[in-house]
Every structure is written in C-alpha cells, then in structure tokens.
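Data first, discussion second: the structure below is written as structure tokens.
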Amino acid sequence: MALFDRLWKASRGDAEADGRPGPDAGRSAGFYPLYESMRSADLDEEEDDLPPRPHPSAKPDFAAWDAKLAGIDKALEGEERRRLGWWQRDYWRARSKLWWTGRAIIAGLALFVALIGWLTITAPLSKSLEPIAPPQVTLLASDGTPIARQGAIVEAPVKVADLPPHVAQAFIAIEDRRFYSHWGIDPRGIARALWTGYGGGSTITQQLAKFTFLTPEQSLSRKAREALIAFWLESWLTKEEILERYLSNAYFGDNQYGLRAASLHYFYRQPEKLRPEQAAMLAGLLQAPSRYAPTKHYDKAKARMELVIKAMVEEGYLTEAEARALPDPRLDVRTRDDNLPTGTYFADWALPLAREGMEASYSKQVLTTTLDSRLQALANRVVSRAPLGRAQVALVAMRRNGEVVAMVGGRDYRKSPFNRVTQARRQPGSTFKTFVYLAALEAGWEPDDTIANTPITQGSYRPKNARGAYSERITLEDAFASSSNVAAVRLLQAVGSDKVIRTARALGITAPMAEGDPSLALGTSAMTLMELTAAYAGIAANEFPVEPHPFARGEPGWWEWLTTRKDSLSRSQHEDIEAMLRAAINRGTGRNAVLPIANYGKTGTTQDYRDALFVGYAGDLVVGVWIGNDDNSPLNGVTGGSTPARIWRDFMRGALKLEAAPRPKTQASPDPEGPVQQLDIEGGEVLPGQDGATLSIDGNGVTIKQDGVPVEVRVDPGGVTVQPAPSPSAQPPP
C-alpha cells in the first residue's frame, strides 16, 4: 500500500504546488512515471531530503515537435527512395540537377577514355606508316633463277620538305583545298564538291584513314568511323606527317603504290625532281587510278591533268601564263610489263607461306626457294609427253627432309590454276596399304607371315582382288607386292583399325579416317597428294612426320630439338617395310617404275579407275604422281602401275641422271632482276622480258615480237615469215 500511497501523494503534491487543483481534485488521481516506482517505497522518511522536481511548462513547444516530425518524414522519404528500383521512373525523377550534372561528366569522361582505347587498338598511328598493299616478292629457284614475282610495287616513303612546292600543291588543289585549315572534316569542301563536281568531298586525312584503317565498304557506319579516325590523326600528327603518309600509300594504278613508285614507273624520275605538269598528272590519277592510268588511257589522264592545273590556278599556285606554258608530260616506262604478277603452282603455294613471316615494309623482298629449276623443267617435259587423254595430272618431288624441288599442279596453269598437289583431296587407293602393313609390322607381324587370300564371303563389305587372283594363303610381302585387297582388309581387321589410324597420323596424315571401317585398308579416305607424298618421305628418312616446305630451313636449335617430337621405326621394322616397297616396284604392280638402283614405291588405283597413283622414293628424292579427272569420272582403264608409274620412272631417271639425256642449259649466274621464267606453261604466250620481247607458242609455230618494233617474226613448218605487228590500242605521245 505504501507504493500506491507514494504515487498518489506525488501526483497530488504536484498539482497543489502549481497552485491549481489536480484533474481529479478531492480524490486520488495521477501517478509518477514507472521508473519512479523503482525508488524506495518509504517515501515518508525521505520526503524532506528530496530536491524539488522540475515541472514541464504548461505550453507545448510546437516548433520542436514540427522539426522532429519533419526529420522523420525526410527519413521515411529517403528510405522509400532507397527501396525504389532503377527501372522505376520515380527513381530518376527524384535526382537533383547537381547529381545529373556530375553523372553526365563522369559518363563523358568514360566515353572519351573508351574512344581513345578503341582508336589505339583499331587505328594505331604506326599503321599509317605501313604500306597498304603487300610489297613485291620475287621468288628464286635454288640456283637463283627468278620463277615468280607477285605483289604491289612500293618504294620508300616521301618527305614533303624534300619535294618541290608544286608537287604537294597539285594534290592539295584537287583533293583538299582547305587541308591546312580544317580538323579532318571539311563541310565547305563537301559543299564545293557537290556544287562544282570536282575537288573530292573527303579530305586528305579522311582518305588516309579510309585506305589505311578501313575497308572500302559504302555505309554510314564506315563514314562515321572514318570521321573519328580523321579527328584522331589530326590530333596526334602534324599536317606534314599526314600528307607524307597519304602520298606514300595512295594507289596510282598499274600496281604502283605511293608517289615514289608512281613517279619512277610513269616518268622514270624521283618525286623530288618532278615537273609541275608531271605532278599534276599524278595528282589527277587518284580519283580513278585504273581508269586514268596514262600507260593505257593517256587521253583521259591528260584531261584529268588539265583539271588539276585549273585548280592550281584558282588557288594561286600557278599563274595563267605558267599554266598555259606547261607541256604535255612524256611517259618514260622503262620497266614496262616486267612487274606484272606471275603465277605458278609452286609460287601460289609458296607465297602465302613466305608472307606469314614478313614484316610490313616498303622494301621489295627476294627469297630463294627450294625449287630446282632443272627438276621443274624435267617434270614439265615428262608430264607433257605422257599419254593423258583429257585427264589431269599432278606431280610433286621433295627431298627426304620435306624440301619441295618440283611441282606440277595440272596440265596448264593458265587454263586451270587449281593446284591438284595441294588443293585436290582424292582417294589414295592402294598406296594407303603401306600404313596398314606398317602397323602390322609394329604389332609384331613379319613379312614372311601368311594370311588368307581367299574371297571374302561374309559381312556387308566384300572387296575383290583385281583380275580375280586368289589363293589359299599368301605372305605379307607377296600380298603387298601384288596389292591383294582381301589380304589388306583381313590384315586391317587383325591389327585393328585404331592402330592403323595411329600409324598414319604419326606419319603426318591428317585426313579424316573412320575407325572400324574395313574399306579404310583400300584407301577410301580422301587426302592431298602432298600429304601422302610427305608420309612416304617420313618412311624414306625414318624420321617423321615430315612437313613439306618451299624454303630451306637451317639446323634446328637445341630448344627446337628438345620440344619437337619426331618418331622413327626400329631398324628391323624399317628394313621390313622397305623390303615390301622394293618388292612392289621390282616384281609387283609397280614394275613399270623399276630403276637400275634401289627403288621403293607403291601403286594405287581407286574404284572404277577414278584415280591412279604411284608414290615412291629413290636416292634422295620422294615423288608422288596422280592422274584423274577433275569431275571424278572414271579413267579409260588407267591404273597406278601404268601411266603414273612410267611418269615416275622417267622423272627419276632424269633427276638422278640415270640415263644420258641433254641437260637443260642454264645461265651460270642467273639474274634475280631478270625476266620471270615460265616453268609451268605449256605453249601460249610467254611474258616479256625487260626489253619488251614476247615469245608466243602455238600448235603450228613460234611468233616473236618486241615493243616499238613495227614487225614480228614467225617460225613455222613453212619457214620464217616477217609480218607487220598489230597496232596497239592506245599509244602515249612521243
């Protein structure tokens, strides 16, 4: 009761102390807050010692309450905004202008950094110093005889400071009159080009960006990238540097890239010595180099030159009197037609491999290949006199280390540049049996072991032997020599197709081969003649795989030797497979290829006589021969042991000098800068030499003509005839 009494007293005392009756005057009313109840209940004893209690004001502080309520509302508002998703509209509407300004600045900086990074990667400034077309490459045979030239004619870059003023002025007047005042894009120049019809809408900087960094596609996105790169170039390069790179890379027709190459080609003088009329003609070529090339269209080039001179007068670079006094430029093409791209089967294969390791530069490249000009000429002679009918032929000869020394990819390169050595994938026929028998030797079989040679009468695949030649049992060596089909299939099944495939892969065969397919033993997996011949080279060298290559390779370093995997056969296995290959060529299906020295080889004929092959080696040469039709139609009874074997034999006899034959005459020291020797062409027109002489061969005789000589000489069975030379379509002025 003391507790309730204390609370009642306190409530009453407070009301009386204020001089006002309590809310419940005359009865008990009011209580202390609960924490006051924790004090001692004996209030009567402590009442005198208590300090006076503070009393709240009778008037509430509404301003303080409003401030607190506003803080609560603000906190609630912030919490609600925090819980909004970025995809909701109120999330963005609540942002302040300062917030938006800061984010816009950050986004702009990020976009600028990204743009700089993109330009650095896609448009590095150093790229504008590189030629836009691969420079000319001359391939030499191993004895130095030039066999092919291919690529653009490029020369050293020019320096604007070294050029006469009228050279740069001619290009600026016709291509970009405000070159020194714009920042890569010239709206006034675009408008003027639309109005007058000349003075190109693109600036010189845009043109440099286009042919250095971009493709020639016509689209808005490309034009946008062109403009960005133009601003990029203007920001980092001086006007002189931009002009120098432009003049050093622009295309001037006739396969000439850059001002120096064009000046030497058309006028046979360095650009530092160009006359005003010559500079004006060169500047006029840039709009359409092939259409205005003066060597073919002098009248068009001259008309365009007049337009350039008129622009130079309008810009004040020339006076009217000086312009009228300019003569028509005289051409001086001293190396005319000598730099035309020349194709051969070997060159088409070798050039892409050569360019893989080249650095971009303006210098011409002269590379010596492994091709032997004597062996290449021999291969062409042997192939040309073979009785082929309408069939195609391919021959490849290589050293045991893979150096290709001769290649015939077809009967006539100009009629069909398709290379049947490296591009055609045909079935190898029985030449694939070598890998089956080699896998058997590796599995423990011996050449004297026997296998059934009876017809296969079970299963869905039932191959037959040629001419129905069967026997109860046959040794592996005899089965290989006679090219028994049933024996090869049974041997594949006994050894396992997986082991045969593994052996073929180790020798470098990359063609798809189906595991478990019994027809694999008869060479049904298509592959190239190059691939097949290289595998035989691995057997000949007893080190495989062998990689065919057109350029000589030095001795491998210790690291290459350590990291390059090379396999080999045991001595007994190598002797056994060579005994089988020797039996096939000496007393088997390859008897037409026999040589008076140790020789090894295997014939191959596919179903319905669609392909006929012979692959073998003797001395240091490994040679593969294929005959077939491009449409895969059957041959007229040609087998691998007939025409291909004879071509192989005739080539080997001449290559290894096993018979007395006149050796082709070659220069003691061939001139690498001399005319290209057409080693792959049978008949037709031989490309001219530096003196402009042309030799045309047809079925009835030979015609000889020379540029500038009004007559030509023809030799045929009727004798020697001198006749007028046909007039050229267009001649430049003297």
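FYI, the numbering just counts along the sequence from 1.
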So does [X] have more than 12 non-hydrogen atoms from other groups sitting under 6.0 Å from [atom1]?
X	atom1	answer
Asn636	CG	no
Phe418	CZ	yes
Gln607	CD	no

Return yes if some donor-acceptor pair links the side-chain N/O of [X] with the main-chain N/O of [Y] below 3.5 Å, else return no.
X	Y	result
His574	Ile539	yes
Glu477	Ala583	no
Arg591	Gly641	no
Ser642	Thr639	yes
Asp372	Val405	no
Asp608	Arg610	no

Regarding [X] and [Y], does a basic nitrogen lie under 4.0 Å from an acidic carboxylate oxygen?
X	Y	result
Arg553	Glu547	yes
Lys499	Glu515	no
Asp478	Arg587	yes
Glu578	Arg582	no
Arg381	Asp650	no

Contacts of [X] that satisfy side chain to side chain donor-acceptor pair (under 3.5 Å) - sequence neighbours left out:
X	answer
Asp498	none
Asp517	Ser519
Trp648	none
Tyr437	none

Contacts of type salt bridge (charged side-chain N to carboxylate O under 4.0 Å, His left out), residue [X], not counting sequence neighbours:
X	value
Arg400	none
Arg420	Asp630
Arg505	none
Glu543	none

Among side-chain atoms of [X] and [Y], is any donor-acceptor pair under 3.5 angstrom?
X	Y	answer
Asp143	Ser373	yes
Glu531	Thr510	yes
Ser430	Ser483	yes
Arg426	Asn632	yes
Asn380	Ser384	no
Ser568	Asn542	no
Gln423	Thr528	no
Trp349	Asn419	no
Tyr536	Thr434	yes

Can you tell me which residue pairs pass the salt bridge (Lys or Arg N to Asp or Glu O under 4.0 Å) test with a partner in residues 635-646, sequence neighbours excluded?
none
State, with a plain yes or no, whether a side-chain heavy atom of [X] is found less than 4.5 Å away from one of [Y].
X	Y	result
Phe651	Leu375	yes
Pro550	Leu353	yes
Val393	Trp626	no
Val623	Thr533	no
Thr431	Leu532	yes
Phe346	Thr370	yes
Arg649	Leu595	yes
Val625	Val615	no

Hits for side-chain contact (heavy atoms from CB on, under 4.5 Å) against Ala612, two or more places apart or cross-chain, chain-then-number order -> Leu635, Val638, Pro644
Stepwise side-chain contact (heavy atoms from CB on, under 4.5 Å) test for Tyr413 and Val408
CA-CA 9 Å; Tyr413 177 87; Val408 178; over 6 Å; no
With sequence neighbours left out, what residues match Phe432 under ring pair (Phe, Tyr, Trp, His ring centres under 6.0 Å)?
Phe435
Ring pair (Phe, Tyr, Trp, His ring centres under 6.0 Å) partners of Tyr617, counting only residues at least two apart:
Tyr600
Tell me, with the steps shown, if Asp611 and Thr605 meet side-chain contact (heavy atoms from CB on, under 4.5 Å).
CA-CA 6 Å; Asp611 303 273; Thr605 308; over 6 Å; no
Residue that, paired with Met652, satisfies side-chain contact (heavy atoms from CB on, under 4.5 Å) out of Leu621, Leu378, Val382:
Leu621
Compute the ring centroids of Tyr257 and Phe252, then answer whether they are less than 6.0 Å apart.
no
Measure the [atom1]-[atom2] distance between [X] and [Y] for me, rounded to the nearest 0.5 Å.
X	Y	atom1	atom2	result
Ile585	Asn599	CD1	CG	4.0 Å
Leu438	Thr503	CG	OG1	5.5 Å
Leu529	Arg425	CG	CZ	12.0 Å

Set out, in order, the CA-CA distance, both residues' side-chain angles and the distance that settles side-chain contact (heavy atoms from CB on, under 4.5 Å) for Lys602 and Met580, then state yes or no.
CA-CA 9 Å; Lys602 184 71 183 75; Met580 293 182 178; over 6 Å; no
Taking the six-membered ring of Phe544 as reference, does the cationic atom of Lys566 (NZ for Lys, CZ for Arg) lie under 6.0 Å from its centre and within 45° of its axis?
no
Would you check, one step at a time, whether the test side-chain contact (heavy atoms from CB on, under 4.5 Å) holds for Thr344 with Ile147?
CA-CA 8 Å; Thr344 66; Ile147 58 175; 5.6 Å; no
Starting from the C-alpha separation in whole Å, work towards a yes-or-no answer on side chain to side chain donor-acceptor pair (under 3.5 Å) for Asp254 and Thr295.
CA-CA 8 Å; Asp254 277 7; Thr295 51; 2.6 Å; yes
